[in-house]
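Step one of this worksheet: look at the structure below.
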Amino acid sequence: MTETLSPKTARRMALAAQGFGRTSPAAAGRKHVRDVVRKLGVVQIDSVNVVSRTHYLPAFSRLGDYPREALEAEAWGARRGLFEYWGHEASLMPMDLQPLLRWRMARAEAGEMWTGLSRFGRERRDYIDGVLKEIEQRGPVTGADFNDAPRGAPGWWEWSDGKRALEWLFWAGLITTKTRRGFERVYDLTERVLPRRIVDLPTPDEADAQRELVRIAARALGVATAADLRDYFRLPL
């Protein structure tokens with residue numbers, strides 16, 4: 001059976017699904033920020049900083065003038081409710097979604113990631129393993145801790161080998177963001193950063209995990225095409 005929606009109804013459904021149209025709380029705090037991200041499923045992290053860095057804006061548009069520290073505490077505080085990973089792009093997501101992305105981490109460890117980083121993983125796996133071992137022994141690190149590695153020509157994506165290793169390990173889910181200093185990631189082992197209750201959750205089958213991500217996307221979008229649903233978490237065809 002085919003159902004049709006008027007443009008007006010479709011707009012109302014999309015706006016409601018995205019959390020618009022509600023009365024802003026008198027004093028928004030961490031719980032409200034956490035609820036916004038849970039409703040959206042994913043909030044993209046971006047270095048673009050015209051009005052404010054992009055990841056601060058979704059909560060503002062729904063809650064009003066909330067304290068940015070509330071998002072920072074949820075994302076990078078000691079008792080966080082969010083975690084960082086590749087959701088849509090680099091993203092903040094509710095902590096409970098972490099097992100649903102483990103299939104992507106496994107694929108990344110097998111080489112499915114950006115072409116240059118995948119090649120680096122094949123060619124420099126011994127070096128990457130050495131960086132991981134150093135994190136195990138040393139604790140939290142940043143890309144600057146490995147700035148003695150050779151660098152290419154100056155440019156936004158011309159990372160040191162140490163930074164490439166950290167990003168490879170991040171994509172593979174072996175390390176994650178413990179906190180941020182300014183906008184710089186501070187990495188540590190995933191099992192030392194995430195709550196034990198999340199680390200110990202079973203890993204769902206890839207098809208089941210992707211099916212649940214589609215369901216979350218449908219809830220967050222309200223109205224969507226099949227391509228929209230797939231793109232929300234950048235799911236493969």
Closer than 3.5 angstrom, by distance alone: can the side chain of [X] be matched with the main-chain N or O of [Y] as a donor-acceptor pair?
X	Y	value
T190	G173	yes
H88	F233	no
T142	A144	yes

Distance-only criterion, 3.5 Å: show the donor-acceptor pairs between side-chain atoms of residues 193-203 and protein atoms not counting sequence neighbours.
from : atom 1 : to   : atom 2 : distance (Å)
R196 : NH1    : D200 : OD1    : 3.1
R197 : NH1    : D96  : OD1    : 3.1
T203 : OG1    : R102 : NH1    : 3.0

Residues [X], [Y]: salt bridge by 4.0 Å N-O rule:
X	Y	value
R38	D35	no
K163	E167	yes
R30	E74	yes

* To do: Would you sort out whether R164 and S160 count as a side chain to side chain donor-acceptor pair (under 3.5 Å), showing the intermediate values?
  => CA-CA 6 Å; R164 289 189 180 95; S160 69; over 6 Å; no
From [atom1] ([X]) to [atom2] ([Y]), nearest 0.5 Å:
X	Y	atom1	atom2	answer
H32	L71	NE2	CG	14.5 Å
T179	E84	OG1	CD	9.0 Å
W86	I45	CH2	CD1	9.0 Å
F183	D46	CZ	CG	6.5 Å

* So do L132 and L189 actually touch side chain to side chain, heavy atoms under 4.5 Å? -> yes
* Structure fact -> R104 meets the salt bridge (charged side-chain N to carboxylate O under 4.0 Å, His left out) criterion, sequence neighbours left out, with none
Please tabulate, for the side chains in residues 210-218, all donor-acceptor contacts under 3.5 angstrom to protein atoms that are two or more places apart in sequence or on a different chain.
from : atom 1 : to   : atom 2 : distance (Å)
Q210 : NE2    : E206 : OE2    : 3.3
R211 : NH1    : D208 : OD1    : 2.7
E212 : OE1    : R215 : NE     : 3.1
E212 : OE2    : R215 : NE     : 3.0
E212 : OE2    : R215 : NH2    : 2.7

* Decide yes or no on side chain to side chain donor-acceptor pair (under 3.5 Å) for T115 and S118, but give the supporting numbers first. => CA-CA 5 Å; T115 302; S118 178; over 6 Å; no
* Asked: So which pairs with a foot in residues 222-232 pass salt bridge (Lys or Arg N to Asp or Glu O under 4.0 Å), sequence neighbours left out?
  -> D231-R234
* Given the side-chain rings of W168 and W159, with only the six-membered ring counted for Trp, is the space between their centroids under 6.0 Å? -> no
* Decide if atom CZ of R181 counts as having more than 12 heavy atoms of other residues, nucleotides or ligands within a radius under 6.0 Å. => no
In a table with atom names and distances, give each donor-acceptor pair under 3.5 Å that connects a side chain of residues 10-20 to protein atoms at least two apart or in another chain.
from : atom 1 : to   : atom 2 : distance (Å)
Q18  : OE1    : R62  : NH2    : 3.0
Q18  : NE2    : A220 : O      : 2.8

Show me the donor-acceptor pairs, under 3.5 Å and distance only, between side chains in residues 51-58 and residues at least two apart or in other chains.
from : atom 1 : to  : atom 2 : distance (Å)
S52  : OG     : R68 : NH1    : 3.0
R53  : NH1    : S47 : O      : 2.7
Y56  : OH     : E72 : OE2    : 2.6

